[in-house]
Amino acid sequence: MFSKLNYTGTITEQYQLVSKQLDALLDGEKDMIANLSNASALLNQFLDQINWVGFYLMKDGELVLGPFQGLPACVRIPVGRGVCGSAVEQQRTLVVDDVHAFPGHIACDAASKSEIVIPLIKNNEVIGVLDIDSPIVSRFTAEEQTGLELFVHMLLRHI
């Protein structure tokens, strides 16, 4: 059984703890959809000041909506379009302080003001992205980027 924790300590320590929680939560389960569902739920209860967290998965050369927490979202995103598609194209994490200033931003939720997208890279191939939106400008710091990349690294061990 899982219960919500109050996270304490530095941001780095908090991300280490939530990554360990993820590892324990997914231990022994190999179904990708089940694991992505639990990962998005865990991040949703861990992170504050966000309005959407979830995954897009590569299918037939484009990103397709996967498990998420938040309002209904765009279903398909072409590679190279928006923050998610650009992260796939560049194969790197993108942190956008103000999504309205990002060329080609795809506005699924008008309340979103900042975004972080981390590619899921397995066997040197992008299989999807972790996408997190916030209604706060400049919500995602470099320290949080490092913590979320650790979380994704742990997740990739289970999918």
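Keep in mind that this is a model prediction, so the values were computed, not measured.
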Side-chain heavy-atom pair [X], [Y] within 4.5 angstrom cut-off:
X: Leu42; Y: Gln21; result: yes
X: Gln45; Y: Tyr7; result: yes
X: Leu47; Y: Ile132; result: yes
X: Arg92; Y: Ile118; result: no
X: Leu36; Y: Met32; result: yes
X: Leu43; Y: Leu130; result: yes

Would you mind listing the cluster partners of Trp52? Hydrophobic ones only (ILVMFWY), side-chain contacts under 4.5 Å, chaining allowed. Tyr56, Met58, Leu63, Leu65, Phe68, Ile77, Val79, Val83, Val88, Leu94, Val96, Val99, Phe102, Ile106, Val117, Ile121, Val126, Val129
Out of Thr93, Asp131, Val53, which residue meets the side chain to side chain contact (heavy atoms under 4.5 Å, CB included) rule with Ile116? Thr93
Ion pair check, Arg139 and Glu115, cut-off under 4.0 Å: no
For Asp98 and Ser138: C-alpha separation, side-chain torsions, deciding distance, then whether side-chain hydrogen bond (donor to acceptor under 3.5 Å, both in side chains) applies. CA-CA 7 Å; Asp98 180 0; Ser138 301; over 6 Å; no
Between Phe46 and Tyr15, does the ring centre distance come in under 6.0 Å? yes
Around His153, counting heavy atoms of other residues, nucleotides and ligands shown, do more than 12 lie under 6.0 Å from its NE2? no
Just checking, is any N or O donor in the side chain of Asp133 or Ser114 under 3.5 Å from an acceptor N or O on the other one? no
Between Asn123 and Glu125 (side chain of the first, backbone of the second, donor and acceptor by atom type, cut-off under 3.5 Å), is there such a pair? no
Can any side-chain N or O of Ser19 pair as donor or acceptor with the backbone N or O of Gln16 at less than 3.5 Å? no
Decide yes or no on side-chain hydrogen bond (donor to acceptor under 3.5 Å, both in side chains) for His158 and Asp23, but give the supporting numbers first. CA-CA 8 Å; His158 296 279; Asp23 189 38; 2.7 Å; yes
